Amino acid sequence: MDEIFPTVAQLDADLRLMSEKTHSIRTYASGEGTMPEIPQLARKYGLTMIQGAWLGGIKKGNKLEIDELIRSANANPDVVKRVIVGNEVLLRGDLEPEELIQYIRAVKQAVKQPVSYADVWSMYMKYPELINEVDFITIHILPYWEDEPIPVDAAPAHIERIYKHVQQEAQAIAPNKPILIGESGWPSEGRQRGLAVPSVVNEAKFIRGLIAVANANGFDYNIVEAINQSWKSELEGVVGANWGLFSVDRQEVFPLTGKVYENPLWYKAWAIAAAIFVFVVAVFRKPLQALSFLPMAGLLMFLQILALLWVNQAELLWYASYTLWQRMFTLLVVGLNAILAGLIVQNGYACSAKLEINQKYAGYLYQLYLLFYGFAIFKTFSLAVDGRYISFPILTASVPVIGILGLTLVRYFSAHKSLSESMAFEWLPTNFKKYPGRHKWLACALIGTGFMLVIGEALAFFQSRDLILAYPEFGKRLATSLSFTMGNIQLVQWLLCLVVLVLPFAVSRGESEIVGR
């Protein structure tokens, strides 16, 4: 998007890496940056190409792409074996079918290679006239992005079913026309959709299942994609940047054979958390020794949990930060959570030691919680309005939420209060009780945006074109939409976070209530 393209040396290194995994690559554009250099580099490593021309709504740019595609195909017939004119142009609404067909016909007249157009499979069903225009049908089957998201275990069967469905429909129009699965893959990180869960293990499971079903049926296919593309985070969030077989630094995300671990370096996070724990205990060993055994053991366990949550938060949020601004925001979030964790432990110590709460530190803790409440409301509202590419902020919430639960338990066992009294925000500064109205509105905002999230998520499914076709009856479509929504574990986890955040407001008493009592 910034027109910063890889150098020829970088392309060379990537193609060398690809030659170890595949015999053919697909490109999406021909004329941008260093793209014209790819055919000769592919030849160097024995790779063939399915070369594409990127089409959009600007005719001048389309002409440059088409001209370069034709030139490259004619100049490199030993490398460029097939060409694709446009990618998901109809899905995006950049061109009308009649305009696209004119481009396809122009390329067919100018090159000898088979010519196609690539889009999600449903676009070929919507515009069957395309089937006659192309030499082979290129469809994208992405179970994660389906209007009716497919869980990873059912994805291979879904691919087989869709392929054969398109094959059957095409047979009536153009018998025996070849079909290429132009894209099929699974994200290793990001937002869950319905029952489709991004993860490294699930990506490995999907790719292995795709290869198996393709081999069993003789399907022609491409895996999307070779390398994680961090620039996509600007358009498609974290999930859009994590579809590669290789990470941005060209390391395998998972092996194609053998065991797969979600995070094979998990022990590093535990080691760092343990080091933090040892450091804190060493610095504050004398105050800790003043506690009796059970309060001290409970506080130390609480400290270790917070340290592990914070390290895990820092590692994963940094991994999912791709731009300068994203990294700066991550540093801010991680820094504030470190301060918050420290204040939570200090407050917990005061409760365990039955000391009077330091009003200065309690005030800082209160202000940080107010800041986080504002963030939670804003993020939940954004997810409710248009959350397709927005990740649930569960990691960001881990320290504040566990902090509330941990302090509740510390107060419950140390001060021998009831569970509701232990959860109340009375471990914050005394002036907290002067603002019952503020806290009432915050609680209402959290509850309200939580309901909006459920409604917004269900509505997005309910209004989707394929779901309308599959479930024309209102009741069945509504039930299906709600099942996708409430079957989303990440969404449910975030709702539980909101519940924990609301509970202290629900059980806290204002100043007037305390005086009256």
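Please read these numbers as outputs of a predicted model, since none were measured by experiment.
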Worksheet item: Under 6.0 Å between the ring centres of Trp186 and Phe254?
Response: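 Not under 6.0 Å, so no.
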Discussion item. Tell me if the centroids of the rings in Tyr471 and Phe461 come within less than 6.0 Å of each other.
Written reply: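 Centroid separation for Tyr471 and Phe461: 6.0 Å or greater.
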Can you find a heavy atom in the side chain of [X] that is under 4.5 Å from one in the side chain of [Y]?
X: Phe329; Y: Val334; value: no
X: Val333; Y: Leu395; value: no
X: Val260; Y: Arg208; value: yes
X: Asn87; Y: Glu183; value: yes
X: Leu336; Y: Leu371; value: yes
X: Val454; Y: Met486; value: yes
X: Leu340; Y: Pro400; value: yes
X: Val85; Y: Leu55; value: yes

Which pair of non-hydrogen atoms, one from [X] and one from [Y], has the smallest distance, and what is that distance?
X: Pro36; Y: Glu68; answer: CB-OE2, 3.6 Å
X: Pro187; Y: Val239; answer: CB-CG2, 3.5 Å
X: Ala320; Y: Gln326; answer: O-OE1, 4.4 Å
X: Gln229; Y: Glu225; answer: NE2-OE1, 2.7 Å
X: Arg105; Y: Glu133; answer: NH2-OE2, 2.8 Å
X: Asn202; Y: Val197; answer: ND2-O, 2.8 Å

Please determine whether a side-chain nitrogen of the Lys or Arg among [X] and [Y] lies less than 4.0 Å from a carboxylate oxygen of the Asp or Glu.
X: Glu20; Y: Arg250; answer: no
X: Lys63; Y: Asp67; answer: yes
X: Glu160; Y: Lys164; answer: yes
X: Asp147; Y: Arg465; answer: no

Any donor-acceptor pair under 3.5 Å from [X] side chain to [Y] backbone:
X: Thr34; Y: Glu37; value: no
X: Arg193; Y: Tyr144; value: yes
X: Glu262; Y: Val200; value: yes
X: Asp2; Y: Ile4; value: no
X: Asn228; Y: Gly244; value: yes
X: Lys205; Y: Val152; value: no
X: Asn488; Y: Gln490; value: yes
X: Ser247; Y: Gln251; value: yes
X: Thr22; Y: Met18; value: no
X: Asn217; Y: Val213; value: yes

May I ask you to check whether over 12 heavy atoms, not counting those of [X], lie within 6.0 Å of atom [atom1]?
X: Ile58; atom1: CD1; answer: no
X: Glu96; atom1: CD; answer: no
X: Phe5; atom1: CZ; answer: yes
X: Phe381; atom1: CZ; answer: no

State the [atom1]-[atom2] distance between [X] and [Y], to the nearest 0.5 angstrom.
X: Leu383; Y: Lys379; atom1: CG; atom2: NZ; answer: 7.0 Å
X: Leu309; Y: Ile402; atom1: CG; atom2: CD1; answer: 6.0 Å
X: Leu459; Y: Leu482; atom1: CG; atom2: CG; answer: 10.5 Å
X: Glu236; Y: Ile390; atom1: CD; atom2: CD1; answer: 13.5 Å
X: Phe206; Y: His158; atom1: CZ; atom2: NE2; answer: 8.5 Å
X: Gln40; Y: Leu11; atom1: CD; atom2: CG; answer: 10.5 Å

Under 3.5 Å, which donor-acceptor pairs link side chains of residues 73-81 to any protein atom two or more places apart or in another chain?
| residue | atom | partner | partner atom | Å |
| --- | --- | --- | --- | --- |
| Asn74 | ND2 | Ile70 | O | 3.2 |
| Asn74 | ND2 | Ala110 | O | 3.1 |
| Asn76 | OD1 | Arg43 | NH2 | 2.9 |
| Asn76 | ND2 | Ser72 | O | 3.0 |
| Asp78 | OD1 | Arg43 | NH2 | 3.0 |
| Asp78 | OD2 | Arg43 | NE | 2.9 |
| Lys81 | NZ | Asp78 | O | 3.4 |

Practice prompt. Check each of Val253, Leu17, Ile207, Ile227 against Leu245 using the side chain to side chain contact (heavy atoms under 4.5 Å, CB included) test, and report the only one that passes.
Written response: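 Between Leu245 and the candidates, side chain to side chain contact (heavy atoms under 4.5 Å, CB included) is satisfied uniquely by Ile207.
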Discussion item. For a side-chain contact (heavy atoms from CB on, under 4.5 Å) check, start with the C-alpha distance between Thr27 and Ile50, then their side-chain angles and the critical distance, and finish with the verdict.
Written reply: CA-CA 6 Å; Thr27 61; Ile50 304 171; over 6 Å; no
Is it the case that the side chains of [Y] and [X] hold a donor-acceptor pair, with the cut-off being a distance below 3.5 Å and no angle test?
X: Asp119; Y: Tyr117; result: yes
X: Gln51; Y: Ser30; result: yes
X: Trp494; Y: Thr380; result: yes

Discussion item. Quick check with a 6.0 Å cut-off and a 45 degree axis cone: is Arg26 positioned over the face of Tyr28's six-membered ring?
Written reply: yes
Practice prompt. Please determine if Arg82 forms a cation-pi arrangement with Phe136, meaning its NZ or CZ atom is less than 6.0 Å from the six-membered ring centre and no more than 45° off the ring axis.
Written response: yes
Item to complete: May I have the step-by-step check of salt bridge (charged side-chain N to carboxylate O under 4.0 Å, His left out) for Lys21 and Glu252, ending in yes or no?
Response: CA-CA 11 Å; Lys21 295 289 183 184; Glu252 272 193 331; 2.5 Å; yes
Item to complete: Mind telling me whether Phe474 and Phe462 have parallel, tilted or perpendicular rings, with 30° and 60° as the class edges?
Response: perpendicular
Discussion item. For Phe375 and Phe372, take the angle between the two ring planes, folded into 0 to 90°, and tell me which bin it lands in: parallel under 30, tilted 30 to 60, perpendicular over 60.
Written reply: tilted
Worksheet item: When you look at Trp54 and Tyr103, which way does the ring-ring contact (aromatic ring centres under 6.0 Å, His included) test go after all the steps?
Response: CA-CA 11 Å; Trp54 186 265; Tyr103 286 117; over 10 Å; no
Item to complete: Applying side-chain hydrogen bond (donor to acceptor under 3.5 Å, both in side chains), run through Trp243 and Glu189 and close with a yes or a no.
Response: CA-CA 8 Å; Trp243 289 70; Glu189 185 69 38; over 6 Å; no
Worksheet item: Going through the checks in order, is the side-chain contact (heavy atoms from CB on, under 4.5 Å) test met by Asp466 and Ser122?
Response: CA-CA 8 Å; Asp466 291 347; Ser122 58; 4.3 Å; yes
